[in-house]
Amino acid sequence: QVQLVEAGGGLVQAGGSLRLSCAASGRVFSNYVMAWFRLSPGKEREFVAVINWSGVSTYYADSVKGRFTISRANAKNTVCLQMNSLKPEDTAVYYCAARYGSIWWTNGLRYDYWGQGTQVTVSS
């Protein structure tokens with residue numbers, strides 16, 4: 001089992017920044033691909049960003065590319081999402097997810113473990 005706990009959500013004005021973090025425990029963190037997803041009312045769960053085990057490879061949804069940055073610190077068992085130039089449409093509950101192995105996916109169904117989520121609200 002892997003336990004994931006997100007933190008860092010909150011209320012911010014459009015154009016502002018937030019940094020989300022996800023602390024993992026339970027297994028060898030570096031064995032897992034880590035990703036962020038988000039869920040807004042009335043919408044399906046949306047892929048945001050993913051990072052491979054070493055942190056060298058990342059991939060982003062077009063909607064956040066150039067504004068969000070995913071990173072990880074394996075020694076600290078954490079993955080972060082730096083969100084800049086936030087827009088009202090970024091408002092959502094953000095979830096951290098983990099998948100064992102080296103292959104990463106943008107499909108949430110491929111992920112084995114999920115955090116409880118953290119709310120991000122961007123006001124206009």
Side-chain angles (χ1 to χ4, degrees):
Q1 288 284 351
V2 174
Q3 292 79 43
L4 303 174
V5 179
E6 301 97 335
L11 173 64
V12 64
Q13 289 188 332
S17 298
L18 280 175
R19 184 175 178 85
L20 305 183
S21 63
C22 173
S25 61
R27 293 291 175 90
V28 178
F29 183 66
S30 59
N31 286 342
Y32 291 80
V33 169
M34 301 298 297
W36 288 93
F37 290 81
R38 63 188 183 187
L39 184 62
S40 305
K43 296 184 180 180
E44 294 186 353
R45 182 173 57 195
E46 179 187 12
F47 164 79
V48 175
V50 62
I51 189 166
N52 78 326
W53 71 272
S54 67
V56 171
S57 296
T58 58
Y59 183 76
Y60 299 90
D62 287 343
S63 58
V64 307
K65 197 172 298 181
R67 300 187 297 122
F68 291 11
T69 302
I70 188 172
S71 61
R72 68 188 294 164
N74 288 341
K76 297 181 179 180
N77 288 1
T78 58
V79 61
C80 293
L81 185 68
Q82 177 66 43
M83 305 186 295
N84 298 329
S85 301
L86 283 162
K87 304 175 181 179
E89 51 263 45
D90 294 319
T91 295
V93 178
Y94 283 72
Y95 296 90
C96 172
R99 174 185 166 84
Y100 182 83
S102 60
I103 300 175
W104 54 264
W105 300 84
T106 60
N107 185 339
L109 295 176
R110 296 287 187 171
Y111 287 79
D112 307 307
Y113 303 101
W114 294 82
Q116 83 289 349
T118 186
Q119 176 70 48
V120 171
T121 303
V122 184
S123 62
S124 57

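Residues: numbered from 1 along the sequence shown. What you see below is based on every heavy atom in this structure, not just the backbone, and it leaves out hydrogens, waters and symmetry mates.
For residues 86-100, the set of pairs meeting the side chain to side chain donor-acceptor pair (under 3.5 Å) definition, not counting sequence neighbours, comprises Arg38-Asp90, Arg38-Tyr94, Arg67-Asp90. Sorted by first and then second residue, the disulfide (SG to SG under 2.5 Å) pairs with a member in residues 86-115 read Cys22-Cys96; sequence neighbours excluded. Within the structure, salt bridge (Lys or Arg N to Asp or Glu O under 4.0 Å) contacts touching residues 9-23 (residues at least two apart or in different chains) do not occur.
By the criterion of side-chain heavy atoms lying less than 4.5 angstrom apart, applied directly or through intervening Ile, Leu, Val, Met, Phe, Trp or Tyr residues, Trp114 is not grouped with Val2; the two fall into different hydrophobic clusters. Under the 4.5 Å side-chain heavy-atom criterion for grouping Ile, Leu, Val, Met, Phe, Trp and Tyr, Ile51 is not connected to Val33 through any hydrophobic cluster.
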Checklist entry - Going through the checks in order, is the side-chain contact (heavy atoms from CB on, under 4.5 Å) test met by Gln82 and Ser17? => result CA-CA 8 Å; Gln82 177 66 43; Ser17 298; 4.0 Å; yes

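A heavy-atom distance below 4.5 Å is found between the side chains of Val120 and Leu20. Contact annotation: the side chain of Val5 approaches that of Gln116 to within less than 4.5 Å [non-hydrogen atoms, C-beta and beyond].
Atom CZ of Arg45 sits about 8.0 Å away from atom CG of Leu39, to the nearest 0.5 Å. Considering CG of Leu86 and CZ of Phe68, their distance stands at 5.0 Å, rounded to 0.5 Å. How far CH2 of Trp104 is from OH of Tyr111: 8.0 Å, rounded to the nearest 0.5 Å. Here the straight-line distance linking atom SG of Cys80 with atom NZ of Lys76 works out to 9.0 Å at 0.5 Å rounding. In this structure, CZ on Arg72 lies 13.5 Å from CG on Leu81, to the nearest 0.5 angstrom. Here the CG-OG1 distance, from Leu4 to Thr78, works out to 11.5 Å after rounding to the nearest 0.5 Å.
A distance of 6.0 Å or more separates the ring centres of Phe29 and Trp53.
Scanning for ring-ring contact (aromatic ring centres under 6.0 Å, His included) contacts around Tyr113 gives an empty result, with sequence neighbours left out. Trp105 is linked by a ring-ring contact (aromatic ring centres under 6.0 Å, His included) to nothing, counting only residues two or more places apart in sequence or in another chain.
Within the 3.5 Å criterion, the main-chain N or O of Gly9 finds a donor-acceptor partner in the side chain of Thr118.
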Residues 56-63 side chain polar contacts: donor-acceptor under 3.5 Å, at least two apart:
{"from": "Tyr60", "atom 1": "OH", "to": "Ile70", "atom 2": "N", "distance (Å)": "2.9"}
{"from": "Asp62", "atom 1": "OD1", "to": "Lys65", "atom 2": "NZ", "distance (Å)": "3.1"}
{"from": "Ser63", "atom 1": "OG", "to": "Glu46", "atom 2": "OE2", "distance (Å)": "3.2"}

